[in-house]
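As a basis for the values below, the full set of heavy atoms in this structure was taken, side chains included, without hydrogen atoms, waters or symmetry mates.
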Amino acid sequence: MSPLRLLVLAMILAASLPASAQRTISDARIAYKVEMPPEQLQMEAMFAGSSMTQYIRGNLSRVDMNFNVVNYIYLINSEKEDVITLMDNHGDKYLIRTDKKTYEADVKKFSAITFADQAETREIAGYKCRKAIGTMPDGATFEVYYTTDIIPENPYYNRRFQNLKGIPLEYEIVTKTGAKMRAIATRVDLSPVPASTFDVPRGYREITADELKRIRG
């Protein structure tokens, strides 16, 4: 085959490839804005402008949830199978450790979540996303829009999405009262995440999960 024909064939093949190739990632920072249910904002306007950030670095992940007056940090190590929850409530700082047994029970519970793809798509933070309906073991459902352009190397960075075929860039969070918050990605950064991001900060008093429940009321 002549060089000219080879060039033409290469151009045809290149044109037939998808615009964005799937990429497996080990590091990411994803910033989300959090939209609260209207009825909750009517009662507690302080929640307006809430945000969330998801960090991923190999087997480590971290979620920062900023509700303005109450902030939560979740430090997850899927290799050691433990979770550390940090809560800052008006300056009162608490640390709660989740043991391996509880971690494994949560993984098992979330592994029962199924996702059914829908026809609807939308672009979020520069990525094409497909809609899916997640169904929890108790029958509750929630919407999620996910991209398959980037695939997490560690599927347990967020145990709720271990069965999802990509990374969620918009999704509903079902609260204990049944209300639904919505997290919508505003920025995706795939540069390396420093290991220090997952260090446990100082200044938090360690308490048990039962003590935390009493504090929350």
Side-chain angles (χ1 to χ4, degrees), residues 29-37 39-113 134 136-142 154-162 168 171-183 193-217:
R29 295 179 192 80
I30 307 175
Y32 297 85
K33 63 179 180 179
V34 177
E35 296 182 347
M36 310 295 288
E39 63 274 14
Q40 188 163 1
L41 286 178
Q42 287 178 359
M43 294 186 294
E44 302 175 87
M46 66 186 74
F47 287 130
S50 297
S51 63
M52 180 176 74
T53 305
Q54 170 78 67
Y55 300 88
I56 305 171
R57 176 188 166 100
N59 62 290
L60 302 174
S61 60
R62 168 176 168 164
V63 179
D64 290 14
M65 301 191 74
N66 181 357
F67 295 125
N68 299 322
V69 293
V70 181
N71 301 320
Y72 294 91
I73 297 174
Y74 300 93
L75 299 172
I76 304 164
N77 187 321
S78 60
E79 183 176 43
K80 293 184 178 180
E81 298 187 336
D82 64 29
V83 179
I84 294 175
T85 300
L86 304 167
M87 183 179 74
D88 184 344
N89 183 14
H90 296 277
D92 294 327
K93 298 182 176 182
Y94 304 102
L95 180 155
I96 305 93
R97 298 182 188 274
T98 297
D99 58 25
K100 184 175 180 179
K101 182 179 179 180
T102 303
Y103 177 94
E104 290 176 342
D106 284 343
V107 168
K108 183 178 180 180
K109 178 180 69 176
F110 292 133
S111 70
I113 295 177
M136 302 175 72
D138 63 1
T141 62
F142 60 96
N154 171 21
Y156 299 105
Y157 79 95
N158 186 324
R159 293 159 295 169
R160 187 178 301 272
F161 296 112
Q162 60 186 278
Y171 59 95
E172 291 178 321
I173 303 170
V174 184
T175 68
K176 291 182 178 180
T177 62
K180 293 181 178 180
M181 301 183 291
R182 184 174 290 268
V193 177
S196 59
T197 303
F198 306 94
D199 291 343
V200 178
R202 296 181 179 181
Y204 286 79
R205 179 167 69 90
E206 186 164 348
I207 61 175
T208 66
D210 287 338
E211 288 174 317
L212 177 62
K213 289 178 182 177
R214 288 196 291 271
I215 292 170
R216 285 173 169 171

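Checked against ring pair (Phe, Tyr, Trp, His ring centres under 6.0 Å), Tyr32 has the following partners two or more places apart in sequence or in another chain: Tyr171. Under the side-chain hydrogen bond (donor to acceptor under 3.5 Å, both in side chains) criterion, Thr102 pairs with Asp99, sequence neighbours left out. In this view, Arg29 and Asp189 satisfy the salt bridge (Lys or Arg N to Asp or Glu O under 4.0 Å) rule, not counting sequence neighbours. Among residues two or more places apart in sequence or in another chain, the side-chain contact (heavy atoms from CB on, under 4.5 Å) test is passed with Ala105 by none. By the side-chain contact (heavy atoms from CB on, under 4.5 Å) test, Pro155 is found to be paired with no residue, residues two or more places apart in sequence or in another chain being considered. Scanning for side-chain contact (heavy atoms from CB on, under 4.5 Å) contacts around Ala31 gives Thr186, Arg187, with sequence neighbours left out. Looking at residues two or more places apart in sequence or on another chain, you find a side-chain hydrogen bond (donor to acceptor under 3.5 Å, both in side chains) between Ser78 and Asn154. Every residue meeting the side-chain hydrogen bond (donor to acceptor under 3.5 Å, both in side chains) condition with Arg97, not counting sequence neighbours, appears here in chain and number order: Glu206. Val174 pairs by the side-chain contact (heavy atoms from CB on, under 4.5 Å) definition with Phe142, Lys180, not counting sequence neighbours.
Within the model, atoms OH of Tyr74 and CD1 of Ile96 stand 8.5 Å from one another, a figure rounded to the nearest 0.5 Å. The OG atom of Ser50 sits 12.5 Å away from atom NZ of Lys33, with the distance rounded to the nearest 0.5 Å. Distance check: Lys108 NZ to Arg159 CZ gives 15.5 Å after rounding to the nearest 0.5 Å.
Using a 4.5 Å cut-off on side-chain heavy atoms (C-beta onward), Tyr157 and Ile76 make no contact.
The salt bridge (Lys or Arg N to Asp or Glu O under 4.0 Å) contacts involving residues 194-205 comprise nothing, where partners must be two or more places apart or lie in separate chains. Contacts classified as salt bridge (Lys or Arg N to Asp or Glu O under 4.0 Å) and involving residues 67-94 (residues at least two apart or in different chains) are given here: Glu81-Lys100.
Nearest heavy-atom pair across Pro137 and Ile113 is CD-CG1, 4.1 Å. For the pair Asn68 and Gly49, the tightest heavy-atom approach, listed with the atom from each and the gap, is OD1-O, 4.2 Å. Tyr204 and Met87 get closest at one heavy-atom pair: CE2-O, 3.7 Å.
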Verdict with reasoning, Ile84 to Leu95, per side-chain contact (heavy atoms from CB on, under 4.5 Å) = CA-CA 7 Å; Ile84 294 175; Leu95 180 155; 3.8 Å; yes

Which side-chain N or O atoms in residues 52-60 pair as donor and acceptor under 3.5 Å with protein atoms at least two apart or in another chain?
| from | atom 1 | to | atom 2 | distance (Å) |
| --- | --- | --- | --- | --- |
| Gln54 | NE2 | Arg62 | O | 3.4 |
| Arg57 | NH1 | Val193 | O | 2.7 |
| Asn59 | ND2 | Asn77 | OD1 | 3.0 |

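Remark: the backbone N or O of Lys101 is not paired with any side-chain donor or acceptor of Glu104 at under 3.5 angstrom.
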